[in-house]
A.B. asks: 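Starting off with a structure, shown below.
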Amino acid sequence: MFLTKIYKNSFKYLFFALILFYILVYGPYGIEEGDMGSIFGISWSMYNGYFPHRDFVYIKPAFSPFFHSLPLYLTEDYAYLINRYLYFAQVFAYSYWASVIAFKFLKLPKKYIYFIAIIGAIISIHNYPPMPWNTVDGLFFSILGLFFVTKNLKDWKWIVIGTFFLFLGALCKQSFYFFPPLVGLFLIYRKETKAFLILTVSGLLFTSLYILFFWSQDALQPFIDQMFSFTSGSSLIKTGVKSYYLAVKFHILYIAVALIAFWFAKKYTSKHITFLFTNVLIVLVLVWLYYKYQSIYKPVKYGIIHLLWILGILFSLMKSLQDKKYTILILLFSLSWCASISNGYNTPIDFSTPSILVVALICLGETFSIRKWTALLITSLYIGTFYYGYQFPYRERPRFELIYPLGDVFPRLKTIKTNKKTFDKYIALKALSNKYDNYTILPSMTLGHYITNTVNPIGVDWVFNHHLADDLEKYKQMLRDKNLTIFIDNFENHQDNYEESSLLTVYVVNHWKLVEKQEHFRVYQQP
């Protein structure tokens with residue numbers, strides 16, 4: 001009986017099994033000093049009493065670090081690990097919610113929801129490092145908000161709850177400011193006037209309360225100043241428009257070949273074979289990218305994920321002219337677009353579910369019947385593809401070199417394994433933290449104060465120029481006034497941490513007294 005139940009609901013059980021699989025198989029491997037602690041480092045400062053924007057510079061809305069500070073109130077020692085592995089659950093959750101929303105509006109067979117959610121989640125996760133990140137949080141809360149708003153468009157309480165989560169999503173990153181108004185336009189287009197008014201009024205109420213709260217904390221003006229110190233209109237054009245144009249420009253020949261191959265498959269084979277063939281083609285491109293670059297981060301920006309987004313939005317626009325139910329796809333693709341607007345990792349891959357759904361609709365049509373063997377084979381292909389990708393973790397050594405347990409050095413990093421050089425660096429940090437007090441670490445060892453159980457005297461661990469929002473002189477003075485000892489990460493030869501990207505660090509190196517020099521750190525004090 002139990003085996004029969006599993007067989008009938010195989011993709012539902014597989015969905016939850018894959019979350020556990022990712023946590024256990026991919027979660028422990030790799031760490032780097034910057035991105036993988038940048039959000040949580042701020043969470044640690046906020047947990048220790050710092051108020052964002054007022055007490056330290058943060059160039060994005062601060063809900064994401066606040067959200068990731070919540071586990072600290074339950075357990076300081078395991079909070080980072082909880083947040084690290086929460087990433088996988090978040091991506092699977094919002095891929096599922098998005099599938100539920102789309103299937104509801106498009107009136108597709110519910111039995112395929114988990115399959116689409118699985119493929120969407122696997123591609124969205126790809127070989128992304130397990131870590132707290134504001135783009136992922138923005139997607140998580142935005143889709144959760146849309147889920148509640150669309151749960152019952154006639155019931156005001158669900159719309160208010162949904163608006164609250166849309167509001168939280170917008171407070172994770174500036175690019176998600178666009179999404180609540182787009183949800184409003186979606187409601188207007190569907191002539192849901194009452195729902196639109198409830199969304200608008202409750203959204204304005206939440207925004208007013210937020211502004212009032214920050215004003216009461218003397219943080220409103222700093223918040224406004226810091227929000228737009230680095231994010232500009234040119235960034236929007238570059239990452240929200242130009243990157244998509246470049247995806248077409250750089251791959252026009254490949255696009256033509258792929259379209260011809262798809263046409264032949266659709267004309268001379270069954271729809272099931274066409275669906276399988278299309279996914280095999282996607283998998284082959286991804287494997288080639290991994291093989292060529294050993295990581296998907298660089299080529300994916302102007303590659304297949306952008307192209308799938310363009311294909312999906314064109315399909316959705318054309319179908320919407322025939323039937324307004326397809327506007328839900330336009331809304332989901334707009335959220336994927338919001339996630340791609342970034343000065344760093346500007347790609348829509350973090351929310352791939354709508355692209356996978358459109359591929360299925362183009363191949364299978366509105367009958368949307370998927371054979372179980374086809375679905376299982378496609379799932380296996382994607383799992384295998386990204387298993388290969390995870391052999392090269394983010395800014396780390398190949399996975400087979402990650403055999404050194406950081407929990408042996410810092411208990412708060414238990415279960416995490418790294419390479420020999422990084423392991424030795426953490427040993428060096430532990431020795432320095434035991435030798436000196438009243439210190440901070442520059443420019444970007446973002447977990448440093450959390451793992452040494454100290455409070456960062458300057459409140460911010462990520463001190464590159466644009467992250468200080470033109471407050472360089474303020475932070476120079478802060479270092480002097482607090483009479484700090486500074487551990488300088490030997491950053492000059494790092495792939496990103498080159499000199500002059502952190503003028504605060506350069507200032508210390510050039511004007512403070514070098515009191516100790518080691519392989520991984522230099523120690524400076526005021527002259």
Side-chain angles (χ1 to χ4, degrees), residues 116 119-120 122-128 237-319 329 332-333 336-337 339-342 345-365 374 377-392:
I116 295 298
I119 303 304
I122 291 174
I123 295 178
S124 298
I125 287 177
H126 51 295
N127 69 333
Y128 201 82
I237 297 300
K238 180 179 178 180
T239 64
V241 178
K242 187 178 179 181
S243 62
Y244 292 87
Y245 160 73
L246 293 176
V248 176
K249 177 182 177 180
F250 292 156
H251 302 97
I252 191 69
L253 179 60
Y254 299 118
I255 295 171
V257 172
L259 290 175
I260 293 171
F262 176 79
W263 181 84
F264 273 102
K266 197 166 180 64
K267 184 175 179 63
Y268 295 107
T269 66
S270 70
K271 60 184 180 181
H272 301 286
I273 296 298
T274 302
F275 184 49
L276 176 60
F277 166 78
T278 304
N279 281 279
V280 168
L281 185 63
I282 295 171
V283 162
L284 288 175
V285 173
L286 292 171
V287 170
W288 177 77
L289 291 174
Y290 278 130
Y291 174 76
K292 186 174 181 181
Y293 295 97
Q294 294 187 339
S295 172
I296 205 167
Y297 292 96
K298 180 179 178 181
V300 80
K301 292 181 180 180
Y302 306 124
I304 187 171
I305 304 302
H306 276 80
L307 296 175
L308 287 174
W309 186 93
I310 293 170
L311 169 70
I313 196 68
L314 291 175
F315 172 86
S316 303
L317 287 168
M318 289 188 294
K319 296 294 285 187
L329 289 176
L332 292 174
F333 275 109
S336 185
W337 175 77
S340 75
I341 302 173
S342 173
Y345 193 41
N346 51 318
T347 167
I349 197 172
D350 289 319
F351 183 38
S352 297
T353 302
S355 293
I356 290 302
L357 180 55
V358 163
V359 168
L361 286 168
I362 292 174
C363 295
L364 303 172
T374 304
L377 181 55
I378 289 171
T379 303
S380 299
L381 285 171
Y382 281 109
I383 292 173
T385 299
F386 294 110
Y387 179 82
Y388 175 54
Y390 262 108
Q391 302 313 302
F392 308 96

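Atom set for the values below is all heavy atoms of this structure, side chains included, hydrogens, waters and symmetry mates excluded. Since we're looking at a predicted model, the values are computed, not measured.
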A.B. asks: For F277, what residues pass the ring-ring contact (aromatic ring centres under 6.0 Å, His included) criterion, not counting sequence neighbours?
C.D. replies: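 With neighbours one apart ignored, the set is empty.
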A.B. asks: Does Y254, at its OH atom, have more than 12 non-hydrogen atoms belonging to other residues, nucleotides or ligands within less than 6.0 Å?
C.D. replies: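 Incorrect, the count does not exceed 12.
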A.B. asks: With a 4.5 Å limit on heavy-atom distance, are the side chains of P348 and H306 in contact?
C.D. replies: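 Yes, close enough: below the 4.5 Å cut-off.
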A.B. asks: Which atom names give the shortest non-hydrogen contact between L281 and A258, and what distance separates them?
C.D. replies: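 Scanning both residues completely, I find the closest heavy atoms to be CD2-CB, 4.0 Å.
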A.B. asks: Are S316 and V358 close enough that some pair of their side-chain heavy atoms sits under 4.5 Å apart?
C.D. replies: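 Yes; the side chains approach each other to less than 4.5 Å.
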A.B. asks: Check each of N279, V280, I122 against L381 using the side-chain contact (heavy atoms from CB on, under 4.5 Å) test, and report the only one that passes.
C.D. replies: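 One option only clears the test, and that one is V280.
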A.B. asks: Could you walk me through whether F386 and I123 pass the side-chain contact (heavy atoms from CB on, under 4.5 Å) check?
C.D. replies: CA-CA 8 Å; F386 294 110; I123 295 178; 4.1 Å; yes
A.B. asks: Taking all non-hydrogen atoms of both residues, which atom of Y290 and which atom of T385 are closest, and how far apart?
C.D. replies: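 Closest pair (atom of Y290, atom of T385, distance): CE1-O, 3.8 Å.
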A.B. asks: Mind listing the closest non-hydrogen atom pair of N127 and G389 along with its distance?
C.D. replies: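 In terms of heavy atoms, the two residues are closest at ND2-O, 3.5 Å.
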A.B. asks: On a heavy-atom basis, which atom in F351 and which in S336 lie closest, and how many Å separate them?
C.D. replies: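 Scanning both residues completely, I find the closest heavy atoms to be O-OG, 3.1 Å.
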A.B. asks: Checking side-chain contact (heavy atoms from CB on, under 4.5 Å) for the pair L329/L361: CA distance, chi angles, key distance, verdict?
C.D. replies: CA-CA 11 Å; L329 289 176; L361 286 168; 4.0 Å; yes
A.B. asks: Give me the atom names and distance for the closest heavy-atom approach of C363 to T278.
C.D. replies: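 Closest approach of C363 to T278: SG-OG1, 3.5 Å.
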A.B. asks: Evaluate L308 against I282 for side-chain contact (heavy atoms from CB on, under 4.5 Å), listing each step before the verdict.
C.D. replies: CA-CA 9 Å; L308 287 174; I282 295 171; 4.2 Å; yes
A.B. asks: Are W309 and S340 side-chain neighbours, meaning at least one heavy-atom pair lies under 4.5 Å?
C.D. replies: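 They are not in side-chain contact.
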A.B. asks: Does any part of the side chain of F262, heavy atoms only, come nearer than 4.5 Å to the side chain of I362, both counted from C-beta?
C.D. replies: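 SC-SC contact between I362 and F262 confirmed.
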A.B. asks: Checking side-chain contact (heavy atoms from CB on, under 4.5 Å) for the pair I313/W337: CA distance, chi angles, key distance, verdict?
C.D. replies: CA-CA 10 Å; I313 196 68; W337 175 77; over 6 Å; no
A.B. asks: Looking at Y382 and L377, would you say the former's side chain and the latter's main chain have a donor-acceptor pair under 3.5 Å?
C.D. replies: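 Side chain of Y382 to backbone of L377: no pair is present.
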A.B. asks: Could you tell me which residues satisfy side-chain contact (heavy atoms from CB on, under 4.5 Å) with K249, sequence neighbours excluded, listed by chain and number?
C.D. replies: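 By the side-chain contact (heavy atoms from CB on, under 4.5 Å) rule, K249 matches Y245, L246.
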A.B. asks: Is the closest side-chain heavy-atom distance between F333 and L317 below 4.5 Å?
C.D. replies: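 Not touching, per the 4.5 Å side-chain cut-off.
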A.B. asks: Could you list the residues that satisfy side-chain hydrogen bond (donor to acceptor under 3.5 Å, both in side chains) with K271, not counting sequence neighbours?
C.D. replies: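 Testing K271 for side-chain hydrogen bond (donor to acceptor under 3.5 Å, both in side chains), a comparison that skips the adjacent residues, returns T367.
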A.B. asks: Ignoring hydrogens and geometry beyond distance, is a side-chain donor-acceptor pair present between T239 and S342 at under 3.5 Å?
C.D. replies: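 Not at all, the side chains of T239 and S342 share no donor-acceptor pair under 3.5 Å.
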A.B. asks: What is the minimum heavy-atom distance between G120 and S352, and which atoms define it?
C.D. replies: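 Reported closest heavy-atom pair: O-CB, 4.0 Å.
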A.B. asks: Ignoring hydrogens and angles, tell me if any N or O in the side chain of H126 forms a donor-acceptor pair with the backbone of S124 under 3.5 Å.
C.D. replies: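 Checking the backbone N and O of S124 against the side chain of H126, a donor-acceptor pair under 3.5 Å is found.
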